[in-house]
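Remember, predicted model here, so these are calculated numbers, not experimental data. Keep in mind that the numbers below use all heavy atoms, side chains included, and drop hydrogens, waters and symmetry copies.
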Amino acid sequence: MSIDEAVLSRGTDRSMGVGKRRLMTDRVGRRHACLSISLETELIVSSYVLSVHLRDLLIRIAETYDPKAGTASGVSAQDLLREVARMPDLPLPHGFVASGYGGKGSATRTPWIGVFGESINTQAQEGLYLAYIFDSTQTSVTLTLQQGVTRLSDAYPKLGDRLRELKRRARHLRAGMEPELAAQWAHTPIFSSKLERPRAYEAASVAARRYEIASMPAEKVLAEDLRVASLLLRDAAASHRVWLQQPAEDEPIAYEGEGHLPLPADDALDGFRPNDSSDYYVHIRGGRRRRERHHEELIKDFGLHVVMRGYQPITLGMYPRDLVLRRPAVDQQRSWLVEGKAVKKGNATQAVREAVGQLYEYSYYWHQKRGEPKPHLVALFSEDIGHYAEYLEEHGIASIWRAEGGGWAGSPTAVSWDLAVGA
């Protein structure tokens with residue numbers, strides 16, 4: 001049912017009748033003619049539910065919102081925003097709820113509708129959520145996967161520092177998204193405001209899609225976009241948990257135990273604890289070894305990527321191995337052993353040699369000698385290794401590397417495992 005045919009129905013007490021309502025035509029001059037709803041004060045109570053479709057709701061808010069009108073009851077757009085939480089016809093994915101926001105006391109320049117995954121996060125102050133954010137001119141609205149910005153103010157009181165941190169976190173979260181999907185949601189929001197909060201919304205966006213009010217897509221398109229955005233949110237939330245589990249810069253890194261831990265049953269990232277990407281030293285038998293930020297960044301980004309491909313990345317309890325992958329739906333017996341190498345100054349020779357030696361050694365001592373099936377071998381590199389990909393294939397090792405422009409390319413075996421795209 002569209003807003004033109006909005007129905008005000010009593011939620012529980014039907015003995016009081018349908019109440020008063022009045023519809024009048026209001027042409028607003030933005031190429032859209034729709035019926036504005038004059039709601040008697042008595043109708044904006046908890047016993048009534050406003051039934052409105054998403055497309056009409058977004059258009060109506062854009063065409064009636066006036067930040068100078070304040071937030072009091074009776075202000076049309078503000079009343080609509082307050083009613084969002086109780087609108088039954090919005091195409092929310094299962095397990096999601098919505099709420100509108102137009103400001104407290106004074107009206108915000110950029111009103112928004114939050115869409116929250118109840119199992120992920122139900123507040124906008126921190127964590128991740130979806131939001132339809134209107135620009136300050138109300139000529140467009142952007143569906144964005146947002147990071148909460150309010151609580152971050154405590155750790156980063158200066159706006160410039162806060163914006164840089166939000167952008168940095170957004171880049172890390174995007175690294176865990178499927179490259180093709182990330183490219184489709186690569187819009188950078190611009191909310192046309194110099195105020196602090198809208199600028200923070202821009203920096204906090206992980207993925208986004210913009211809609212012009214004058215050419216709003218059909219309801220089915222909006223519903224499908226929201227469904228896809230909810231999947232992106234779930235993936236980003238998994239990446240976000242990994243981010244929060246990373247040690248602080250001054251936190252010592254220790255490896256505990258050497259055996260396999262039980263395979264977690266529910267969460268694909270429960271066994272994934274990538275180390276901080278800052279340079280650090282690890283103590284091993286025979287001396288002290290330095291690991292560099294590029295190596296840890298490589299392992300972390302690839303680990304987040306493989307979750308999108310149905311794998312479970314595991315680093316916990318796997319030292320000295322970089323990464324072990326499991327994919328019970330495809331192979332319940334064999335795992336994938338991954339050794340990551342940062343290619344320095346474009347010279348892949350040393351990186352390839354080290355990867356081959358370590359993969360063979362770890363496969364033999366940490367799997368075969370322990371009675372486990374020989375794992376699939378994967379050499380992971382920070383950049384293209386050229387003709388060495390064929391060499392590794394001949395030796396039973398799949399190779400994968402960062403592709404230009406993002407994503408992961410790889411050898412034929414890696415492609416057959418759905419870990420990379422063909423080079």
Find out whether [X] and [Y] are in side-chain contact, i.e. whether some heavy atom of one side chain is under 4.5 Å from a heavy atom of the other.
X    : Y    : result
D418 : R327 : yes
I133 : Q146 : yes
R60  : L80  : yes
L159 : R162 : yes
V378 : E339 : no
P111 : L81  : yes
L143 : Y211 : yes

With sequence neighbours left out, the residues meeting salt bridge (Lys or Arg N to Asp or Glu O under 4.0 Å) with E126 are R151
Salt-bridge contact [X]-[Y] (side-chain N to carboxylate O under 4.0 Å):
X    : Y    : result
R199 : E196 : no
R334 : E372 : no
E165 : R168 : yes
D301 : R402 : yes
E354 : K341 : yes

| said: Could you check whether W112 and F134 have their ring centres less than 6.0 Å apart? | reply: no
Ring center gap for Y391 and H395 short of 6.0 angstrom = yes
- R321 NZ/CZ over Y362 ring centroid, <6.0 Å and within 45° of normal: no
Taking all non-hydrogen atoms of both residues, which atom of [X] and which atom of [Y] are closest, and how far apart?
X    : Y    : answer
P313 : V306 : CB-CG2, 3.9 Å
P375 : S363 : CD-OG, 3.3 Å
V415 : V421 : CG2-C, 3.5 Å
F381 : S399 : CE1-CB, 4.3 Å
W417 : L377 : CZ3-O, 4.0 Å
L222 : P217 : CD1-O, 4.0 Å

Exactly one candidate in R210, K220, R209, R55 meets salt bridge (charged side-chain N to carboxylate O under 4.0 Å, His left out) with D225; the answer is R209
With sequence neighbours left out, the residues meeting side-chain hydrogen bond (donor to acceptor under 3.5 Å, both in side chains) with N347 are T349
Using only heavy-atom distances, determine whether the side chains of [X] and [Y] contain a donor-acceptor pair under 3.5 Å.
X    : Y    : answer
S411 : T413 : no
S192 : D135 : no
T144 : S205 : yes

Go through the steps to decide whether W336 and L323 satisfy the test side-chain contact (heavy atoms from CB on, under 4.5 Å), and finish with yes or no. CA-CA 8 Å; W336 282 257; L323 180 65; over 6 Å; no
Should we count CZ of R109 as having more than 12 external heavy atoms under 6.0 Å? no
Parallel under 30°, tilted from 30 to 60°, perpendicular over 60°: which one fits the rings of W408 and F302? perpendicular
Using atom types as modelled and distance alone, determine if a side-chain donor or acceptor of [X] lies under 3.5 Å from a backbone N or O of [Y].
X    : Y    : answer
T122 : E118 : no
S382 : V343 : yes
D79  : G74  : yes
D89  : H53  : no
H305 : K300 : no

